[in-house]
Amino acid sequence: MDKKYDSLNDKQKEAVLYTEGPLLILAGAGSGKTRVLTHRIAYLIEEKNVPPFNILAITFTNKAAKEMRERVDNLIGYGSQDIWVSTFHSSCVRILRRHIDKIGYDRYFTIYDADDQKKLVRECMKQLNIDPKQFKESSIIGSISSAKDKLLTPKKYEKQASDYREEVVAKVYKLYQERLKKNNALDFDDLLVKTVELFKLCPDVLASYQEKFKYIMVDEYQDTNHVQYMFVGLLASKYRNLCVVGDDDQSIYRFRGADIRNILDFEKDFGHAKVIKLEQNYRSTKNILEAANQVIRNNMGRKSKTLFTDNDEGERIDYRCMPDEKSEAAFIANKIITGVEDHGYNYRQYAILYRTNAQSRVLEERFIMQNIPYKIVGGISFYQRKEIKDILAYLKTINNSTDDIAVKRIINVPRRGIGATTINRIEDYAYNNDISFFQALSEVSQIPSISRGAKKVEGFANFILGLRIEMQTMSLVELTDEVLNRTGYIKELEAEGTDEAKNRLENIGEMISKLTEYENNAEEPTLNGFLEEVALVADIDNYNEDTNVVVMMTMHSAKGLEFPYVFISGMEDGLFPSYMSISSGLQEDIEEERRLCYVGITRAKEKLYLMGASARMIRGMTQYNPISRFVREINDELLGLEEYMPKMSEINDAHAKALEQVRKRARPTLREKPYAVKKNVHTMPTPTHLKLDYGVGDIVKHMKFGIGEVMNIAPGGADFEVTVNFPSAGIKKLMARLANLKKA
DNA sequence: ACGACTGTCTCAAGA
DNA sequence: AGACAGTCGT
């Protein structure tokens, strides 16, 4: 055997060599799982003579896929282009483009992103006369998404709907799905759902892919949801050479359906699965790893696993509580400048992680002020920017005018004097005649209620139709230029002259470069091909660790990455863990936040800074949050407190004093949310001493779960952990202080 | 009567 | 930053 496998430790080697049958690799943070996966692929090809096209590797991002391919290339030097290395979504698109016509869809479907999805759901709700105040669209989208994850069709969902809300969701879901089909579009969930549907309805298609993918590997397995699990399960059910890699402690996507049971029950689901644990961490110092362990051990229901490292002890964790978010940003900026100027570090060695994208604003302002180069990953990504989406909508409309959402997006952008009333009338006409919105534009002269607007509408339709002919003789870049100039889009932005407009123009320039790049590199560049490539790009895919800039992103985005120096900003109860997770009163919600914290901490190799602010402005309201419970879960000795700061207890004292001051100024008002403080009216967080007006055996009422019976009450710190059996939701463990249970 | 413009409200995490 | 409601202007 080639000596490159000797560089692996015993466990890693075992995982590489175990190629036949189901295998679960429990890979702790920084335990070298990517090395294992790439070596395993190399081993399959080199030593087991598996043809590369028989291998499927699923990664979490396109970036990870690209890297994995490169690393395999480096190991064996050939064949990597024939391996399928891609995300779940890209794999599904590839399969659907070939076969979706077999289940009654058009192979040239477009893919709707969250934005398009939201617009369409809103339209459906409007058509059904559903009050968006009573039923929030985001929550309806969430319900539809989770229904799809459970593979519930609109029909099945309607049947099992058990209350009024679910009946409403059922109606929206049904219409939404019809409209998607009419628009020749699939949303992100559909990509998975339709592929599984295809596999179930066309056994021959499934069989061909089962034959093709004799060896399957799935990375970040802890974050797969049910439909992804089905997809993999179906493909692997014949040869059963399925290797999944994951870490239950890093499962952070439960909110979008990731099912931690997929990893906890793997051995049960795939009989006789081999389990290998990778517990040696090669990434972090002993102190960082110890801090991570101290936090995560507060979670119940984990697979037993203890990470260790041979690395140095390293510096202590630095916890700092600053007066407000601005001084927090200033502290971080100054630390980085000192590091770069006095110690010769590079900007790219630093990362700032946070819970919510909104936190990046203050950091960004400070970094601009101090001239620190930075890049923000996530938030509004390149392809979500208005100007980019506008261009894409033009291209989509030229390419496939059945996509109503795209057509409506640009029909009046830039202003053409086609307003809401005209658009409504065209919509009605299209609906009544069962034609697409764009088709209705061409027949506008037949719509009696439109008189003045007709000319303008015709002008727009002719413009698009003209371009559709012209594009035959044009490159994509020329086509885009034509759109931008003839619509006056560029001129309008140039005339505006604001910083924002300039920024938009820059983005448009970048878009043109991307088009150029695509045309130069693609074997057979087509408009359709470009649109497809763009549809599945995540912001993190564009992150390049070679650029020498400080990078800022959410802890979710940081999964799988590592940096020498890491700042985690906003270590405050109410922000992290989030207010939502605290107020639900559910232990499992806090545990997911804790896993996220674990992910954040374990990104750091050399030095970790945990940052907090006593006062923080969030959504126009100043909040006074206590220190994050996650900081308190780390031993004082590990936090370099005494060097810079008073003991933890004194910090709490100082914090209490600050609150006391605040309270004196406060008017006693009823507030909707604890911690959230309106304008200058400050309030205290909920007091810690409480007595319960219910006991074991009592019937209580919960905001979300309704009526249930108290099974047990156990003291937990300053709080009580109450176990309640809800007939509708099952047995839940709730924190009394937050669950706000009322005796019924 | 229609479209453009202005001010107010909301905002967790992502492919 | 975007969506919506209400008002202004043609």
Side-chain angles (χ1 to χ4, degrees), chain A residues 58-65 86-93 111-115 117-119 122 126 132-133 136-139 141-142 145 149 186-192 220 223-225 227-228 251-258 353-359 361 377-381 383-387 389 409 411-412 414-425 449-453 456 500 503-504 534-541 553-559 570 574-584 589 592-593 595-597 599-600 618-621 676:
Chain A
I58 304 271
T59 56
F60 202 67
T61 61
N62 295 307
K63 179 175 184 278
S86 65
T87 62
F88 275 108
H89 292 88
S90 311
S91 307
C92 289
V93 170
I111 301 165
Y112 274 8
D113 66 9
D115 214 58
Q117 179 184 40
K118 203 160 131 197
K119 279 199 174 126
R122 191 171 302 160
K126 208 178 237 173
K133 284 203 184 85
K136 280 174 71 182
E137 72 191 19
S138 58
S139 102
I141 289 173
S145 182
D149 179 34
L186 300 184
D187 66 18
F188 282 133
D189 299 315
D190 282 341
L191 297 177
L192 265 306
E220 307 286 3
D223 285 323
T224 52
N225 58 26
V227 57
Q228 290 169 333
S251 163
I252 52 175
Y253 283 104
R254 210 175 52 102
F255 72 93
R256 67 171 199 217
L353 309 181
Y354 34 73
R355 179 65 179 83
T356 65
N357 279 310
Q359 287 167 255
R361 273 290 285 279
V377 176
I380 307 245
S381 79
Y383 288 105
Q384 286 173 298
R385 298 218 147 91
K386 181 188 178 300
E387 57 278 17
K389 289 215 71 167
R409 178 177 183 99
I411 188 168
N412 199 32
R415 304 268 115 88
R416 297 190 175 86
I418 305 173
T421 318
T422 306
I423 290 174
N424 278 336
R425 287 182 178 153
S449 51
I450 300 175
S451 52
R452 249 195 313 180
K456 295 166 185 163
E500 192 193 315
N503 198 270
R504 288 191 197 276
V534 149
L536 296 173
V537 180
D539 204 35
I540 190 81
D541 296 334
M553 64 181 97
T554 62
M555 282 171 273
H556 282 94
S557 295
K559 192 175 72 165
L575 184 62
F576 188 36
S578 73
Y579 168 73
M580 304 268 255
S581 69
I582 299 173
S583 61
S584 81
D589 285 346
E592 171 135 325
E593 297 277 311
R595 290 191 294 270
L596 186 58
C597 184
V599 168
I618 295 176
R619 278 186 259 139
M621 297 189 286

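Remember, it's a predicted structure, so these values are computed and weren't measured experimentally. A note on names: the letters A, B, ... follow the listed sequences, proteins ahead of strands, and every chain is numbered from 1.
Regarding contacts with the backbone of B:dC2, every side-chain N or O of A:T422 stays at 4.0 angstrom or more from both OP1 and OP2.
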- Task: Output, in order, the C-alpha distance, side-chain angles, deciding distance and verdict of side-chain contact (heavy atoms from CB on, under 4.5 Å) for A:Q228 and A:I58.
- Result: CA-CA 10 Å; A:Q228 290 169 333; A:I58 304 271; over 6 Å; no

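In this structure, A:K118 places its NZ atom where only 12 or fewer heavy-atom neighbours from other residues, nucleotides or ligands lie under 6.0 Å away.
Nucleic acid contact for A:D113: none, since no nucleic acid atom lies under 4.0 Å from a heavy atom of the residue. A:K63 comes within 4.0 angstrom of no nucleic acid atom, judged by non-hydrogen atoms across all strands.
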Can you give me the N/O atom pairs linking the protein to nucleotides 8-10 of chain C at distances under 3.5 Å, or say none if there are none?
none

Please tabulate the protein-to-nucleotide N/O contacts below 3.5 Å involving nucleotides 1-5 of chain C, giving atom names and distances.
from: C:dA3; atom 1: O3'; to: A:R122; atom 2: NH1; distance (Å): 3.1
from: C:dC4; atom 1: OP1; to: A:R122; atom 2: NH1; distance (Å): 3.4

Check: protein-nucleotides 13-15 of chain B nitrogen or oxygen pairs below 3.5 Å:
from: B:dA13; atom 1: OP1; to: A:N357; atom 2: N; distance (Å): 2.9
from: B:dA13; atom 1: OP1; to: A:N357; atom 2: ND2; distance (Å): 3.2
from: B:dA13; atom 1: O4'; to: A:R355; atom 2: NH1; distance (Å): 3.2
from: B:dA13; atom 1: N3; to: A:R355; atom 2: NH2; distance (Å): 3.3
from: B:dG14; atom 1: OP1; to: A:T554; atom 2: OG1; distance (Å): 2.9
from: B:dG14; atom 1: OP1; to: A:S557; atom 2: OG; distance (Å): 3.1
from: B:dG14; atom 1: OP2; to: A:N357; atom 2: ND2; distance (Å): 3.3
from: B:dG14; atom 1: O4'; to: A:R256; atom 2: NH1; distance (Å): 3.3
from: B:dG14; atom 1: N3; to: A:R256; atom 2: NH1; distance (Å): 3.2

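Across C:dA5 and B:dC11, the matching P atoms stand 16 Å from one another, rounded to whole Å.
Between A:Y253 and A:H556, the two ring planes are tilted [angle within 30° to 60°]. The aromatic rings of A:F188 and A:H89 lie perpendicular to each other, with more than 60° between the two planes, well past the 30° mark.
Looking at A:N412, its side chain does come within 3.5 Å of a backbone N or O of A:I418 through a donor-acceptor pair. In this structure a side-chain-to-backbone donor-acceptor pair under 3.5 Å is present from A:E592 to A:R254. At distances below 3.5 Å, at least one donor-acceptor pair connects side-chain atoms of A:N62 with backbone N or O atoms of A:L536. Although no hydrogens or angles enter the test, the distance criterion places no donor-acceptor pair under 3.5 Å between the side chain of A:D187 and the main chain of A:I111. A donor-acceptor pair under 3.5 Å links the side-chain atoms of A:R416 to the main chain of A:I411, judged by distance alone.
Checked for salt-bridge contact, A:D223 and A:R256 miss the test: no charged N lies under 4.0 Å from a carboxylate O.
The distance between atom CZ of A:R425 and atom C1' of B:dC2, rounded to the nearest whole Å, is 9 Å. As rounded to whole Å, 12 Å separates atom P of B:dA12 from atom OH of A:Y579. One interatomic measurement links the two molecules: CZ of A:R415 to C1' of B:dC5, which rounds to 9 Å at whole-angstrom precision. In this structure, A:I418 places its CD1 atom 9 Å from P of B:dA4, rounding to the nearest Å. Look at CG on A:L575: it is 10 Å from C1' on B:dA12, rounded to the nearest Å.
For the pair A:S581 and A:G419, nearest-nucleotide mapping onto DNA chain B gives the more 5' position to A:G419.
A heavy-atom distance below 4.5 Å is not found between the side chains of A:D189 and A:V227.
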